[in-house]
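Reminder, nothing fancy here: chain letters follow the sequence lines and each chain counts from 1. Predicted, not measured: the structure shown is a model, and the values here were computed from it. Note that these values count all heavy atoms, side chains included, but never hydrogens, waters or copies made by symmetry.
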Amino acid sequence: MMTAATATDEPTTHPTEGAALVDAVLGWYAEHARDLPWRAPGAGAWAVLVSEVMLQQTPVARVEPAWRAWMARWPTPADLAAARPAEVLRAWDRLGYPRRALRLQECARAIVAEHDGEVPADEAALLALPGIGAYTAAAVAAFAHGRRAVVLDTNVRRVLGRALEGRALPAPSLGRAERDRAAAYLPADAATSVRWNVGLMELGALVCTARAPRCDACPLLDACAWHAAGKPADEHAGRRRTQAWHGTDRQVRGRIMAHLRHHRQEWAAGEDLLVAGADGADPAALPDPGQPARALASLVGDGLVVADTGAHAGRFRLP
DNA sequence: AACACGGGGTA
DNA sequence: TACCCAGTGTT
């Protein structure tokens, strides 16, 4: 696949500088790679895909036990496709963003229906699956199938941004110029490109971290533009917004989902869910009394909660 | 381009 | 307390 950059004011490849960076990253990765289960030689494409979806915004430490239990229970796409969504959501537990769990099951069903139960290797085919975006499509193509792909997650963007451009942190949004630059540095050999991708991610996770980078342990120290410039501050600092959590609709949604995951009965009374969302207090006494009901309605809208429309209206359950 | 979307660990 | 984390889908 041709992924050449089209910028006219810069070369599209960086053979000398790029080769030195690649050697440094590959050498470091060979020495320091973590022994994660989805990297084991026997891990199949489905195992890799499941790990990548779980790792979307959830740290490795919390994903690992959930991934082991998940793969033991549903070792193939067909197994997950046949599961009850309520059990899928319970197994997802507290990994966060539970819509990912539903999309992962939709993804499994699409793989069964459209790809004979086999995880596709083509990046475009992967991108068409539910819950698979640009990052995950590239990651599965590379790590599950050994394909050459431009894998750009937050770690890779930070490492390349620092080493090549001297930026403390990547821009809030990924632009074409940044993607072209990453493509220009991707090794031509497929097997090498896979190790480059995973090596950059590992370097970003263990050494070139966002908060307190351990530059003394970095294999790219001598080549790093950010370090050479004296590690200037993040130029986008003023425009980044931290997401609120306490008192938000998201927190209330989480409480309702937690209640339903642990509820023994099939159906739960809406009143119980509203109280659960209000953290045990009377919803009417909240600063925003309508919040629990609004959160519950949004969960129903997302398909994470089902409302009984029959004779027992006012009762809810997991789908 | 901006938003909404969980939850917990760490400095 | 504030920030961060192997992003995705919608508006």
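As a whole-Å value, the separation of H246(A) NE2 from dG7(B) P is 13 Å. When the C1' atom of dG7(B) is taken as reference, atom CD1 of I256(A) falls 16 Å away, rounded to whole Å. The CE atom of M54(A) sits 16 Å away from the P atom of dG6(B) (whole-angstrom rounding). Atom CG in L102(A) sits roughly 15 Å away from atom P in dC5(B) (whole-Å rounding). Counting to the nearest Å, the P atom of dG6(B) and the CZ atom of R255(A) are 14 Å from each other. In this structure, R62(A) atom CZ and dG9(B) atom P are separated by 7 Å, rounded to whole Å.
Residue contacts shown for R253(A) are limited to sugar-phosphate atoms, with no base heavy atom under 4.0 Å away. Within the nucleic acid shown, R39(A) comes within 4.0 Å of at least one base atom, counting heavy atoms only. Residue A134(A) is classed as a sugar-phosphate contact, given heavy-atom separations below 4.0 Å to backbone atoms only. Using a 4.0 Å heavy-atom distance criterion, T154(A) is classed as a sugar-phosphate-only contact. G96(A) comes within contact range of at least one nucleobase, with a heavy-atom separation under 4.0 Å. Across all strands, S51(A) comes closer than 4.0 Å to no nucleic acid atom at all (heavy-atom distances).
Crowding of D282(A) atom CG: a count of heavy atoms from other residues, nucleotides or ligands under 6.0 Å exceeding 12. Remark: E118(A) CD is loosely packed, at most 12 non-hydrogen atoms of other residues, nucleotides or ligands lying under 6.0 Å away. Other residues, nucleotides and ligands contribute over 12 non-hydrogen atoms within 6.0 Å of the NE2 atom of H236(A).
The shortest side-chain heavy-atom distance between W196(A) and Y185(A) falls under the 4.5 Å cut-off. Under the 4.5 Å side-chain criterion, counting only non-hydrogen atoms from C-beta, S193(A) is in contact with P187(A). With a 4.5 Å cut-off on side-chain heavy atoms, F316(A) and L296(A) count as touching.
Of the N and O atoms on the side chains of R100(A) and T58(A), at least one donor lies less than 3.5 Å from an acceptor on the other residue.
Across dG6(B) and dT10(C), the matching P atoms stand 15 Å from one another, rounded to whole Å. Rounded to whole Å, the P atom of dC3(B) lies 24 Å from the corresponding atom of dA6(C).
Residues from residues 202-213 of chain A placing a heavy atom under 4.0 Å of any atom in DNA chain C, listed by number, are A210(A), R211(A). If you check residues 87-95 of chain A against DNA chain B, the residues with a heavy atom closer than 4.0 Å are R94(A), L95(A), listed by number.
The two atoms that bring R90(A) and L260(A) nearest to each other are NH2-O, 3.2 Å, heavy atoms only. What you find for L89(A) and A101(A) is that their closest heavy atoms are CD2-CB, 4.0 Å. Across A108(A) and W46(A), no two heavy atoms sit closer than the pair CB-CH2, 3.8 Å.
Read 5' to 3', the first and last nucleotides of DNA chain C with an atom closer than 4.0 Å to a heavy atom of chain A are dC3(C) to dG9(C).
Two residues, L55(A) and L127(A), neighbour DNA chain C, and the one matched to the more 5' nucleotide by heavy-atom proximity is L55(A). Along DNA chain C, the nucleotide nearest to Y97(A) and the one nearest to R240(A) differ in position, and the one closer to the 5' end is contacted by R240(A).
Between R240(A) and D234(A) there is a salt bridge, with a side-chain nitrogen of the basic residue lying less than 4.0 Å from a carboxylate oxygen of the acidic one. Between R157(A) and D153(A) there is no salt bridge, since no side-chain N of the basic residue sits under 4.0 Å from a carboxylate O of the acidic one.
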Polar atom pairs between nucleotides 1-4 of chain B and protein, under 3.5 Å, N or O only, would you list them?
from	atom 1	to	atom 2	distance (Å)
dC3(B)	OP2	R241(A)	NH2	2.2

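Remark: A110(A) engages E114(A), L129(A), P130(A) in a side-chain contact (heavy atoms from CB on, under 4.5 Å) (not counting sequence neighbours). Taking the salt bridge (Lys or Arg N to Asp or Glu O under 4.0 Å) definition, one finds that D279(A) meets it with R255(A), sequence neighbours left out.
Side-chain rings of W92(A) and W70(A) approach one another, their centers coming within less than 6.0 Å.
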